[in-house]
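Contents: one structure, followed by commentary.
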2 protein chains.
Amino acid sequence: MTERNGYQVIAGRLADEVAELAPGTKLASEHELMDRFGVGRASARAAVQELERRGLVRRVRGSGTFVNRRIDYVISRERRPSWHRTVESAGAVPRSTVLSSQLRPVPERCAHYLGVEPGTEVHHMRRLRFVDDHVAAVGEEWVKRDALTELGPAMRIEESLDELLRQMGRVDVVRSWCRTAMELPSEEIQAALEMNYVAPVWVVESINRDAATGTAVTYSTAWMRADVIRVVMEIGDTEPAPNIALHR
Amino acid sequence: MTERNGYQVIAGRLADEVAELAPGTKLASEHELMDRFGVGRASARAAVQELERRGLVRRVRGSGTFVNRRIDYVISRERRPSWHRTVESAGAVPRSTVLSSQLRPVPERCAHYLGVEPGTEVHHMRRLRFVDDHVAAVGEEWVKRDALTELGPAMRIEESLDELLRQMGRVDVVRSWCRTAMELPSEEIQAALEMNYVAPVWVVESINRDAATGTAVTYSTAWMRADVIRVVMEIGDTEPAPNIALHR
DNA sequence: GAGCATTTGTCCGTATGTATT
DNA sequence: CAATACATACGGACAAATGCT
């Protein structure tokens, strides 16, 4: 008698093992799991899919199953989130590419946020963010022209927009408003995030304003893959405890 | 020629249909889908499971597959979230039950939050929340004794703790700090939420303080099923636009 | 570039278990 | 008790992507 099996039991066992492995490590293939646990392919497969649902592994057709790494992205009033710093401090390799950068007339909703007439030309930028060369997020940013004369060449570097505005434009940008939720992505976003399946993604909208004048300067929306990023959002005037371990 | 199929295509078709149906409506069974789309059980099943992953349906063994309803739970600095009001305004039926209510010595972390000695006796309460008689959330609340002499009998009613403190205790409670994230639930929480599978849940921690004195009065943690509740979190001093339709 | 083995993705048919009605 | 419906499982097959030769 081997033991009572069931794919849930196998998944639990594998989950324990995966917890001990470094991100990127390759797991046993479905065939190997079949032999190891004495089950059919359906069960072996179901177990690994269970791990995928839990966000513990990432599967690549033709290649294998790998231990996943998820990064905490903390959003709070005070903190200025930097993609590179966040990813690096998690021990991963950050990268970002500029997909497009140009002047564009603002769509209606954005115009409202920035407090300008719809159709006004503002800087518009799309960026892709990577973690360990895996697509993690796409973002869209709108910047009023009076905050910055030109955006294109300056943004070649891997810097945050806030940083740039503080240096190039002489604006002290502070977060004015931010909303986070999860949604099913549009097909466009899904394609940009290279998701070949439908799953909820984080949507982070934010408005930054000039600390001096109080007027809105940038509006941005970011879509983040939930299997790569875990958004943690904090509201509050007090930092309650430094030693909170949220995710074991 | 019928058409090219694939469970993703079937799922897409079904998703469109489900969008038109009222929450609670029963879907066609897997057998019926087999006949309708001319596929095997595996494909019909995969399609419906896809809808479940998207949060569009809820499946009950022995009973069937039903159109799901997900409720937005908005957390912001200003707003005092009321379970009953939130659920009701979404057109659903709220309910909550008190699992336990007693004086208990605070655990370490909570003591730190409330600013009391570990082991001090405070009110402790566990509540279960329902939406349309489906388990939606479990919460744990800690209240300092000086804010309220007795908690038990008063909380039989379906009211918010904030409300009670404002009436019984003469305390004006304001949200001081709040953190939201998603985590894989512990087995205990999973059981309380009646989840027979493992999936991430919302974790909302918050500290409320007396507006007058500024000292912390309550600390609470809530775990919410992501298939029932969608947490939206807002940080900000401005309400940017009244007409934002987040979820189509 | 072509060819090949590996690995996951999709699908079929069938069967049995288990909860609900 | 019986019918229904979802959950789990087996074995087999081919497709598609990847990586190596």
Side-chain angles (χ1 to χ4, degrees), chain A residues 1-14 18 24-53 56-68 132-135 190-191 194-199 227, chain B residues 2-14 18 24-53 56-68 133-135 190-191 194-199 227:
Chain A
M1 264 231 321
T2 53
E3 263 178 29
R4 291 276 311 119
N5 268 331
Y7 81 92
Q8 297 275 13
V9 178
I10 298 176
R13 191 104 52 97
L14 291 178
V18 163
T25 309
K26 188 171 180 177
L27 264 70
S29 73
E30 294 176 358
H31 259 87
E32 289 168 323
L33 294 178
M34 286 170 65
D35 296 345
R36 177 177 161 193
F37 292 101
V39 295
R41 179 146 179 240
S43 299
R45 186 172 170 69
V48 186
Q49 280 181 323
E50 171 69 34
L51 297 191
E52 191 180 31
R53 273 195 296 277
L56 303 179
V57 301
R58 137 192 324 257
R59 322 192 69 192
V60 183
R61 184 202 310 213
S63 181
T65 303
F66 305 87
V67 177
N68 188 35
D132 289 341
D133 283 329
H134 299 302
V135 185
Q190 207 177 307
E194 293 178 13
M195 293 167 69
N196 36 15
Y197 52 94
V198 185
D227 55 343
Chain B
T2 53
E3 262 178 32
R4 291 277 310 120
N5 268 331
Y7 80 94
Q8 297 275 13
V9 179
I10 298 177
R13 192 101 55 95
L14 291 178
V18 163
T25 309
K26 187 171 180 176
L27 264 71
S29 73
E30 293 175 359
H31 241 84
E32 289 167 323
L33 294 178
M34 286 170 65
D35 297 345
R36 176 175 161 194
F37 292 101
V39 295
R41 175 104 193 270
S43 299
R45 186 173 170 69
V48 186
Q49 280 181 323
E50 172 69 33
L51 296 191
E52 190 180 32
R53 273 195 296 276
L56 302 178
V57 302
R58 142 194 318 258
R59 322 191 68 191
V60 183
R61 158 145 52 161
S63 179
T65 302
F66 305 87
V67 178
N68 188 35
D133 282 330
H134 299 302
V135 184
Q190 207 178 307
E194 293 178 12
M195 294 168 68
N196 36 16
Y197 52 94
V198 184
D227 56 343

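Residues Ala47(A) and Tyr7(A) come closest through the heavy atom pair CB-O, 3.7 Å. Taking both residues in full, the closest heavy atoms of Leu33(A) and Ala28(A) are given as CD2-CB, 4.0 Å, listed atom of the first, atom of the second, then distance. Counting all heavy atoms, side chain and backbone alike, Asn68(A) lies closest to Asp227(A) at ND2-O, 2.7 Å. When every heavy atom of Ala44(B) is checked against every heavy atom of Met34(B), the shortest pair comes out as CB-CG, 3.9 Å. Summarising the geometry of Gln8(A) relative to Asn196(B), their closest heavy-atom pair is NE2-O, 4.4 Å, with the distance given to 0.1 Å.
Distance, Tyr7(B) OH to dA15(D) P: 18 Å, rounded to whole Å. Protein atom CG of Asn196(A) is 10 Å distant from nucleotide atom P of dT18(D), rounded to whole Å. With rounding to whole Å, Tyr197(B) atom OH is found 17 Å from dA19(C) atom P. For His31(A) and dT7(C), the NE2 to P distance is 9 Å, given to the nearest whole Å. Regarding Arg61(B), its CZ atom lies at a distance of 15 Å from the C1' atom of dT21(C), rounded to whole Å. dC10(D) atom P lies 13 Å from atom CG of Asp35(A), rounded to whole Å. The separation between Glu32(B) atom CD and dA3(D) atom C1' is 14 Å, rounded to whole Å. As a whole-Å value, the separation of Leu33(A) CG from dA9(D) P is 14 Å.
Out of dA16(D), dA7(D), dG19(D), the shortest distance to the side chain of Glu30(B) is found at dA7(D). Across dT20(C), dG9(C), dA7(D), the shortest atom-to-atom separation from the side chain of Arg45(B) is found for dA7(D). Among dA5(D), dT7(C), dC12(C), the nucleotide with an atom closest to any side-chain atom of Lys26(B) is dA5(D). Closest to the side chain of Arg59(A), out of dC11(C), dG9(C), dA7(D), is dG9(C). Closest approach to the Ser29(B) side chain among dA16(D), dC11(C), dA5(D) is made by dA5(D) (side chain taken as heavy atoms from C-beta onward).
Between Thr65(B) and dC6(D) there is a side-chain polar atom (N or O) within less than 4.0 angstrom of OP1 or OP2. The side chain of Ser43(B) contributes an N or O atom lying less than 4.0 Å from OP1 or OP2 of dC12(C).
Within 4.0 Å of Val60(B), counting heavy atoms only, lie sugar-phosphate atoms of the nucleic acid but no base atom. Nucleic acid contact class of Gly62(A) (heavy atoms, under 4.0 Å, all strands): base.
Residue order along DNA chain C, read from the 5' end via each residue's closest nucleotide, puts Ala44(B) first among Arg41(B) and Ala44(B).
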